[in-house]
Amino acid sequence: MIGVDFGTLSGRAVVVRVSDGAELGTAVHEYTHGVIEDRLPGTDVRLAPDWALQSPHDWLDVLRTAVPEAVAAAGIDPALVIGLGTDFTACTVLPARADGTPLCQETPDRPHAWPKLWKHHAAQAHADRINALAAERGEPWLPRYGGRISSEWQFAKALQVLEEDPEVYARTERWIEAADWIIWQLTGVETRNVCTAGYKGVHQDGRYPSEDFLAALHPDFAGFTAKLGHELSPLGGLAGRLTARAAGWTGLPEGIAVAVGNVDAHVTSAAADAVRPGQMVAIMGTSTCHVMPSDRLAEVPGMCGVVRDGIVPGLWGYEAGQSGVGDIFAWFVDHGVPASYTRAAEERGLSVHAYLTELAAAQRVGEHGLVALDWHNGNRSVLVDHNLSGVIVGQTLSTRPEDVYRALIEATAFGARMIVETFEKAGVPVEEFVAAGGLLKNHFLMQIYADVLRRPLSVIGSDQGPALGSAIHAAVAAGAYADIQQAAAAMGTRRDNAYLPDEDRADAYDRLYAEYRTLHDYFGDGRMLHTLRAIRNEAGK
Ligand SMILES: Nc1ncnc2c1ncn2[C@@H]1O[C@H](COP(=O)(O)OP(=O)(O)O)[C@@H](O)[C@H]1O
Ligand SMILES: O=C(CO)[C@@H](O)[C@@H](O)COP(=O)(O)O
């Protein structure tokens, strides 16, 4: 099987053995255009604050380069490959023509013609209006999203296109998640997966928000859902077969099974063999997503959503998230560390992350005297407000970079605890916390999470979680296993109790967490942080 994971900065492919999930070869392709935040490629067109776009060329390059390279690295005959599965970030969406041609190919100088990356946060005003109207009208779908939808989601992003570039909106014949667009390119068949549609696409109980509701937002928005697919495809299903053109790109046999599209977070549950009710998988990378199957339906404040069949068929799938985690550490490493630290790290042959971690790990809990809010990229759960920003409290003239670095790691752990507690308070038990993603390599960070959460952490056994999960879904789509649970049991990998909480540190963290909660409630109403953002925007940054 081949699994392909389309991330924020790169795409990676992995070749996986069907019988036991062994990863035989892998390759990564860094996107040439990365995240497009400043100006449109090949033009002088500048982007406003909070914009984040991607290029479809970069995604196709992953198929052209990472897939054949992974097969070569595995040293297998490509003719042995029987299926391909993919996952994408979400909600990464694009306007396209009826044949799937992205509009940015026709008008590369129009910002709204480009795919909007999940972390495009410039549609907050549109999300606010959607939320206010939905609350006022008592829209039945709103509680399924914890009472607020995010500016990252398709209705907010599409309304922004309509109001800021109606001409691009009018030319949009299909509005599609990149997760489904890539499947279209691979199979020639347009499908819509139940996962992206259900969560960030706001599809509940067989329908999208009503025409009437959309018309009340803007008269020309009434017909928006005609640009979406209404037939949804189940996870682990067969989307179609690899076309000759896609076989040419990838070097894989024409006609192999291609699984229905999926999301990087949700597909990782299969890779961690954590698809039973109460197993919360936290995919910790640039951001963290928390996904959990459950047999009960509840309204959890601030969750991203609950979707029937959204992780595995037959169960409710919950999602919550933190919009910035590794990204916050990266910001600090890039902008908060003096040259002397960079030099010292270099001399020791360490990354700046590893160097700061080593220094921070030598401290006792609370020794830095700091507490921080992890909102540098806004707050996805539980406040659902991307106009909030980061806060660091307690700095003195003796504060050092490692102190701040540690406080930022702790802030993200406190944010995770807030999410877990919110689920449990709403009557959805979290039986096991399973960590996955790029941050697993930082053992100090993982131990902080175990101490702050006061519970054992399990960890996924693969550092290619999403790509492995995609390969597992492909195995089901190809008919090698009856369902995702069986395929996950055979091919997924998880180490239980990898980190155990330390009682004394956990007690010390309880005190800091209480301060975090006070800070959270104080700044969470947005009075000060929204004003600061408004002043920033008026000043034209
Ligand atoms: N040693 C480290 N400790 C903490 N964070 C790290 C470390 N090394 C890299 N990071 C952060 O990890 C993030 C990348 O995580 P990864 O899972 O690879 O990416 P993605 O979320 O795009 O899949 C970056 O934001 C980076 O700042
Ligand atoms: O929002 C989701 C999933 O719902 C993610 O795709 C998004 O946070 C991006 O994840 P990464 O930080 O690229 O792992």
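Start at 1 and go down the list; that is how both ligands and their atoms are numbered. Quick caveat, the model's predicted, so the values are computed rather than measured.
- Nearest protein neighbour of atom 7 (C) of ligand 2, counting heavy atoms only, is Trp118 CD2, 3.6 Å.
- Within the structure, the salt bridge (charged side-chain N to carboxylate O under 4.0 Å, His left out) test picks out the following pairs touching residues 340-358 (sequence neighbours left out): Arg348-Glu358.
- The salt bridge (charged side-chain N to carboxylate O under 4.0 Å, His left out) pairs that include a residue from residues 260-279 number zero, where partners must be two or more places apart or lie in different chains.
- Look at Glu177 and Lys200 and you find no salt bridge, because none of the NZ, NE, NH1 or NH2 atoms lies under 4.0 Å from a carboxylate O.
- Not a single heavy atom of Lys119 lies less than 4.0 angstrom from ligand 2.
- Contact between Ala271 and Gly469 at its shortest, heavy atoms only, is CB-N, 3.6 Å.
- Remark: minimum distance from atom 1 (O) of ligand 2 to any protein heavy atom is reached at Lys200 NZ, 2.6 Å.
- Under the side chain to side chain contact (heavy atoms under 4.5 Å, CB included) criterion, Val194 pairs with Leu232, Leu235, not counting sequence neighbours.
- Heavy-atom separations between Glu152 and ligand 2 are all 4.0 Å or longer.
- Taking a 4.0 Å cut-off on heavy atoms, Cys289 registers as neighbouring ligand 2.
- Both the backbone and the side chain of Ser287 come within 4.0 Å of ligand 2, counting heavy atoms alone.
- Put simply, the side chain of His353 does not reach to within 4.5 Å of the side chain of Lys441, judged on heavy atoms.
- For Tyr449 and Tyr499, the distance between ring centers is not under 6.0 angstrom.
- Residue contacts with ligand 2: Gly321 is excluded, as none of its non-hydrogen atoms falls under 4.0 Å.
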Requested in this report: Show your reasoning for whether side chain to side chain contact (heavy atoms under 4.5 Å, CB included) applies to Gln395 and Asp403.
Outcome: CA-CA 9 Å; Gln395 297 180 95; Asp403 301 336; over 6 Å; no
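- Atom numbering of ligand 2 starts at 1 in the shown order; those under 4.0 Å from a heavy atom of Glu319 are 3 (C), 4 (O).
- In Arg380, the part holding a heavy atom less than 4.0 Å from any atom of ligand 2 is the side chain.
- Taking a cut-off of under 4.0 Å to the non-hydrogen atoms of Val263, the atoms of ligand 2 that pass are 3 (C), 4 (O).
- Ion pairing between a basic and an acidic side chain is recognised when a charged N comes within 4.0 Å of a carboxylate O; Arg455 and Glu424 show such pairing.
- Closest to atom 6 (O) of ligand 2 by heavy atom, among Asp264, Asn377, Thr286, is Asp264.
- The protein heavy atom nearest to atom 13 (O) of ligand 2 is Thr8 OG1, 2.6 Å.
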List of N/O pairs, ligand 1 versus protein, all under 3.5 Å?
unit_1	atom_1	unit_2	atom_2	d
ligand 1	3 (N)	Tyr405	OH	3.4
ligand 1	3 (N)	Asn442	ND2	2.9
ligand 1	17 (O)	Gly438	N	2.9
ligand 1	21 (O)	Thr286	N	2.7
ligand 1	21 (O)	Thr286	OG1	3.1
ligand 1	25 (O)	Gly326	O	3.0
ligand 1	25 (O)	Asp327	N	3.3
ligand 1	27 (O)	Gly326	O	2.9
ligand 1	27 (O)	His353	NE2	3.3

